Amino acid sequence: MPAAEGNGAGSLPGVPELPEVESVRRQLVPRLSGRRIVEVWWDPHPQARFHGVDRLRNRRIERVERRGKFLLCPLDPATEGHGEQLVLHLGMTGSLSVEPTSEAGADPDAGLTHVRARLDLDDGHTVRFRDPRRFGRLSVVAPDAYAEVVPTLAVLGPEPLSPGFTVAHLAEGLARSRSPVKARLLDQRLVAGVGNIYADEALWQARIHPGSRRVARPRAALLHAAIVEILTAAIEREGTTFRDYQMVNGSSGRYATFLAAYGQHGRPCRRCGTTLRRTVIAQRGTTYCPTCQRI
DNA sequence: CCGGGCCCCTGGATGC
DNA sequence: TGCATCCAGGGGCCCG
């Protein structure tokens, strides 16, 4: 099939963004809350992005929280007085599973590929972090060390589904910059958790060209509403289906059939029928409607 | 301080 | 058919 006809959502590669990470979080809550980690293994690969993981041994996971695309698990005892947390980012291809711990002496990852870390819990289950492309990160860090260990988390913008994400915040943030609006959405400082899929979707919904360098307040208000609406709908459907991402229980999300822009280049715009166009903005593939979304 | 651009990595798709 | 090359992309990092 020529690229101009589009890939079709079913075969799209995809990356966990806020809705996908939130879905993972909700599935992890009953499995991890209150559990003590009794043993830890992690990939010794030199490019592996692990920090302080040895400090997980004999710690208890108090809760499973989320900020943007990061999963945060406060640990007990908290040590260092500032509340150390397990901070996990799935990167592009990271996924988690929770299954009964393998019997002693057996291959702990029999039949599984790309296992980068294992956490054995005190209830006889093992959490596995699998990540073919090794872009994921796993750190044990207190908030006052975010800047050194997970710099994006240190400067993360407001949660888009919290009261702190206001039209004024978005409008003023966009007004302070001449970068393409899509680049600002991908930059986690303005708003947390939006990635390539939902940036394209929100801009299509708000009828804003992804390359726009000036977004006045009325359109910022439309964009704000679109971000909130789309992320809420995606969470309700447990995110978007894609090939190499799996949630804890092995299922995948159901938002794919709702995608209006992302990965739909070559197909007609649902609003006006114009063929959706693909371009590159901020080094990311970008799909938009050249008729509905004007600079 | 900000932002553009490059880089990390590896499976899948594409090209010859 | 098989090998080589290209491409995807979150975010860290460098540099202007």
Side-chain angles (χ1 to χ4, degrees), chain A residues 1-22 24 42-51 66-71 87-95 112-117 129-139 141 145-157 160 172-201 210-214 239-246 259 261-266 278-287:
Chain A
M1 178 193 293
E5 290 180 26
N7 293 320
S11 64
L12 285 171
V15 168
E17 303 181 27
L18 187 152
E20 290 75 25
V21 177
E22 176 61 19
V24 170
W42 67 96
D43 185 2
H45 190 284
Q47 286 297 329
R49 296 165 182 187
F50 297 120
H51 181 273
R66 181 190 56 73
R67 273 286 278 135
K69 305 173 198 174
F70 292 88
L71 285 168
V87 174
L88 178 69
H89 195 295
L90 297 173
M92 285 184 65
T93 56
S95 66
L112 300 175
T113 55
H114 309 114
V115 176
R116 308 305 185 199
F129 176 49
R130 300 174 66 183
D131 185 18
R133 296 191 191 178
R134 301 180 189 274
F135 280 14
R137 287 165 188 273
L138 208 157
S139 308
V141 58
Y146 282 171
E148 302 161 45
V149 181
V150 273
T152 299
L153 189 52
V155 296
L156 202 59
E172 288 159 20
L174 290 175
R176 277 196 297 270
S177 164
R178 290 285 90 89
S179 299
V181 59
K182 177 164 176 179
R184 299 306 314 284
L185 292 181
L186 296 178
D187 180 336
Q188 302 296 296
R189 291 173 293 186
L190 182 59
V191 55
V194 176
N196 210 31
I197 297 172
Y198 300 106
D200 277 8
E201 292 302 302
S212 295
R213 292 173 185 271
R214 292 172 194 270
T240 302
T241 296
F242 36 74
R243 190 181 45 245
D244 53 2
Y245 167 70
Q246 288 195 320
L259 293 177
Y262 178 81
Q264 306 299 309
H265 56 278
R278 186 190 139 92
T279 185
V280 175
I281 293 174
Q283 288 81 49
R284 299 295 175 253
T286 299
T287 303

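Each chain gets a letter, A, B and so on, in the order the sequences are listed, and its residues count up from 1. What you see below is based on every heavy atom in this structure, not just the backbone, and it leaves out hydrogens, waters and symmetry mates. Everything quoted here is computed from the prediction, not taken from an experiment.
For R66(A), the side chain to side chain donor-acceptor pair (under 3.5 Å) test picks out E22(A), E159(A), with sequence neighbours left out. Under the rule for a side-chain contact (heavy atoms from CB on, under 4.5 Å), the partners of A147(A) that lie at least two apart in sequence or sit in another chain are A154(A). Take S212(A) and apply the side chain to side chain donor-acceptor pair (under 3.5 Å) test, not counting sequence neighbours, and it matches no residue. Contacts of R116(A) classified as side-chain contact (heavy atoms from CB on, under 4.5 Å), with partners at least two apart in sequence or in another chain: D43(A), F50(A), H114(A), F129(A), D131(A), R134(A). The side chain to side chain donor-acceptor pair (under 3.5 Å) test applied to K182(A) returns N196(A), D200(A), T286(A), not counting sequence neighbours. For R189(A), the side chain to side chain donor-acceptor pair (under 3.5 Å) partners are D187(A), not counting sequence neighbours. The side-chain contact (heavy atoms from CB on, under 4.5 Å) search around R137(A) returns R49(A), H89(A), not counting sequence neighbours.
A straight line from CD1 of I281(A) to C1' of dG5(B) spans 15 Å, rounded to a whole angstrom. Here the P atom of nucleotide dG10(C) and the CG atom of D200(A) are 10 Å apart, to the nearest Å. R130(A) has its CZ atom 14 Å from the C1' atom of dG11(B), to the nearest Å. The CZ-C1' distance, from R137(A) to dC7(B), rounds to 12 Å in whole Å. Y146(A) has its OH atom 17 Å from the C1' atom of dG11(C), to the nearest Å.
Within the 4.5 Å cutoff, the side chain of Q188(A) has no heavy atoms near those of the V155(A) side chain. Looking at heavy atoms from C-beta onward, P16(A) lies out of side-chain contact with V24(A) at the 4.5 angstrom threshold.
In this structure, the nucleotide among dG5(B), dG11(C), dG11(B) sitting nearest to the side chain of R133(A) is dG11(B). Relative to the side chain of M92(A), the nucleotides dG9(C), dG10(C), dT10(B) differ in distance, and dG9(C) lies closest.
At dG9(C), one or more side-chain N or O atoms of Y262(A) fall inside 4.0 Å of OP1 or OP2 (strictly under the cut-off). Phosphate proximity of dG4(B) to Q283(A): absent, as no side-chain N or O sits under 4.0 Å from OP1 or OP2. Phosphate contact (OP1/OP2 of dC9(B), side-chain N/O of H114(A), threshold under 4.0 Å): absent. Taking only side-chain nitrogens and oxygens, R134(A) comes nearer than 4.0 Å to OP1 or OP2 of dT10(B).
Donor-acceptor pairing under 3.5 Å, judged by distance alone, is present between the side chain of R49(A) and the base of dC8(B).
For the helix from dC2(B)-dG16(C) to dC16(B)-dG2(C), the rotation axes defined at the first and last 5 base pairs enclose an angle of 50°, given to the nearest 10°.
As judged by a 4.0 angstrom heavy-atom cut-off over every strand, G136(A) is placed among residues making no nucleic acid contact.
Applying the 5.5 angstrom centroid cut-off and the 30 degree plane-angle cut-off, the aromatic ring of F135(A) is stacked upon the base of dG10(C).
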Under 3.5 Å, which protein N or O atoms sit close to an N or O of nucleotides 1-3 of chain B? Give each pair with its distance.
from: dG3(B); atom 1: OP1; to: S177(A); atom 2: OG; distance (Å): 3.1

